[in-house]
Amino acid sequence: FSRDGQMLLTGGIDGRVKVWDLVKTVDPQSTVRVGPYFVDAMPIPNSRLIATAESLNTDRPLRPSKPMAWLWDVDSQQFVRSFAGHDDWLTSIDVSSSGKSIASGSNDRTICVWNLESAELLIRLAGHNGAVRDVAYLDEDRKLVSCSDDSTVRLWNLTNGKPLQVWNLPGETPIRALAIPASELVAIGTAEGRVHVRRWSDGADLGSHQTVAPTKCLAASPCGKHLILGNGSFELELLSVEEMRHGNPSLLKTMSGHTDVLSGVAFSADGERIVSVGGDHCVKVWETETGQEVLRLVHDQILSNSVVGFDGTGESIVVASNSMLCSWNLRSGISEHVTATEASNRNQQVLDWHQAELRIAQGEAHSFATCHHLEKLLCSDPGNSDWLIRHARSEAGMGEYSVALDKFALFCANKPDLATFYFCGLLALQEGKTELYQEACKKSLTHFSEKCSLSEINSIAWTCALTAEAGVDLE
């Protein structure tokens, strides 16, 4: 291996020395770009079909008036059918073991279950008092378990739609993820970083594990012996379910290598491999037994909210990232050498893509997506005042006033603007930073007193008069 771990040299009896690139910067074999922002994706067993959950209501072609679940053919890059029934963004999706139905959770606090073939809404489950964050089938698809921001886990009877059990976890912490390690068990990951294992038949808490940071994603091995979780410290933790059930330390391995928050993990069908994805644009494949990284796929459009898994055939990795669904075939052995010119062209393509997605996100008033794309664009051109001010406004739109204030202050330093000074002052007041507020008001009056209309000066003066700390003469 090279010192940086990115190349491998091998020598064989064929008289050749070969140099292998272990970091594959490759385009996926299949890419589907559509309108919605995907938040979850699940393979349909023994097929090349993927069920996805849509997080954004859009007005683009083929988009409905309400968020939907979608069924996609990865090979043809076409959608097969849609599933309507939710009134707000979807958060999660699961496919039954038989492949005959799908279930989705939503911010509208409900779960919908559909027939996969006919897209008929079979049942709607209501009872949570917060957004439903994850759903999973149980008991040969006769039951379903869900978790929510309301700090509860609910077990449902899919025959009549009635809740069988409601589990309230200690601490009233939001619950982020579920996994089914065995037919009788449910694993629960919380925002505080604790993983619980419960027996669903009676709700008994069999054991728990405290992670070093909040649980971001969770998956169970097909054999039911292991759990894999992604924590907020960019690490994977492999846990023993059996040790956890007996109250013993359950951490088997910690796998490091990602450099940003993990958002998706999954086991292969044979349980021998683990795949992970994070905000560092990397998909990584690991050996379960050794914890060693065996493959790394790098793609600039893999974003921080991506989810990942193996497809229904087990031959491909599928990633859903924002408005892109893509697939890599693990058996094709594809590698690619990227020249400097090709790298430059690819970077420009990425920037063009971010600008196109930015226009869509702004048109749909999607502040989170707007901020994400502007952050990426600002990395390439930090001095772009237009992107900077739009980023600040988007942060303020999400209530991130402190971040917005920093952006507005930077903009004011580079390009004085009355409206920006005015908004900067209001944000400073919102954050209780009276000195910065006073400075913004004084600068506004000093800089624009000879250039502005009387009504604009009056607007500034009235703002200054709202607090005595401003120290500005009303006249």
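These numbers were taken from a predicted model, which means no experiment stands behind them.
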Output all residues satisfying ring pair (Phe, Tyr, Trp, His ring centres under 6.0 Å) with Trp114, sequence neighbours left out; order by chain, then residue number.
->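 Scan of Trp114 (ring pair (Phe, Tyr, Trp, His ring centres under 6.0 Å), adjacent residues dropped) gives Phe83, His86.
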
Would you check if [X] and [Y] make a side-chain contact, meaning some heavy-atom pair closer than 4.5 Å?
X	Y	answer
Arg296	Val298	yes
Ile317	Val285	yes
Ser101	Leu116	no
Val186	Ile180	yes
Phe267	Ile228	yes
Leu178	Leu218	no
Val308	Val283	yes
Ile123	Thr159	no

Derivation and outcome, salt bridge (charged side-chain N to carboxylate O under 4.0 Å, His left out), residues Lys284 and Glu293 | CA-CA 7 Å; Lys284 294 176 180 282; Glu293 178 186 326; 3.2 Å; yes

Among all residues two or more places apart in sequence or in another chain, which pass the side-chain contact (heavy atoms from CB on, under 4.5 Å) test with [X]?
X	result
Ser148	His128, Asp150
Ser268	Asp270, Arg273, Phe310
Ala266	Val275

Please give me the minimum heavy-atom distance between [X] and [Y], naming the atom from each residue.
X	Y	result
Cys147	Val153	CB-CG2, 4.2 Å
Gly203	Arg198	O-NH1, 3.2 Å
Asp94	Tyr137	OD2-N, 2.9 Å
Val265	Ser276	CG1-CB, 4.1 Å

Would you mind listing every ring-ring contact (aromatic ring centres under 6.0 Å, His included) that reaches into residues 213-264, with sequence neighbours excluded?
->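 Qualifying pairs, neighbours excluded: none.
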
What's the separation between atom [atom1] in [X] and atom [atom2] in [Y], rounded to the nearest 0.5 Å?
X	Y	atom1	atom2	value
Ser146	Ile111	OG	CD1	3.5 Å
Trp70	Thr52	CH2	OG1	8.5 Å
Ile274	Glu289	CD1	CD	11.5 Å
Glu243	Leu252	CD	CG	7.5 Å
Leu185	Trp200	CG	CH2	10.5 Å
Arg81	Ser118	CZ	OG	8.0 Å

May I have the step-by-step check of side-chain contact (heavy atoms from CB on, under 4.5 Å) for Leu251 and Leu239, ending in yes or no?
-> CA-CA 5 Å; Leu251 181 61; Leu239 308 179; 3.8 Å; yes

Yes or no on side-chain contact (heavy atoms from CB on, under 4.5 Å) for Leu164 and Lys162, after CA distance, side-chain angles and deciding distance?
-> CA-CA 6 Å; Leu164 298 172; Lys162 302 294 183 182; 5.7 Å; no

Polar side-chain atom of Thr288 near backbone of Glu272 as donor-acceptor pair, under 3.5 Å =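 Indeed, once roles are kept as given, a pair shorter than 3.5 Å links the two residues.
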
Give a yes or no on whether Lys143 atom NZ has more than 12 heavy-atom contacts from other residues, nucleotides or ligands under 6.0 Å away.
->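 Counting other residues, nucleotides and ligands, NZ of Lys143 exceeds 12 neighbours.
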
Take atom CD in Gln210; do more than 12 heavy atoms of anything else shown fall under 6.0 Å from it?
->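 Above 12, so yes.
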
Pick out which of Glu237, His196, Arg194 makes a side-chain hydrogen bond (donor to acceptor under 3.5 Å, both in side chains) with His209.
->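 The option that passes is Glu237.
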
Which is it for Leu377 and Gln355 under the side-chain contact (heavy atoms from CB on, under 4.5 Å) test, yes or no, and what are the steps along the way?
-> CA-CA 8 Å; Leu377 292 170; Gln355 292 192 65; 3.6 Å; yes

Go through the steps to decide whether Ile93 and Leu90 satisfy the test side-chain contact (heavy atoms from CB on, under 4.5 Å), and finish with yes or no.
-> CA-CA 8 Å; Ile93 199 163; Leu90 278 66; 5.6 Å; no

Residue pairs, two or more places apart or on separate chains, that pass salt bridge (Lys or Arg N to Asp or Glu O under 4.0 Å) and touch residues 121-135 |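 For residues 121-135: Arg133-Asp149.
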
Just checking, any donor-acceptor pair under 3.5 angstrom between side chains of Ser97 and Asp141?
->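 Yes.
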
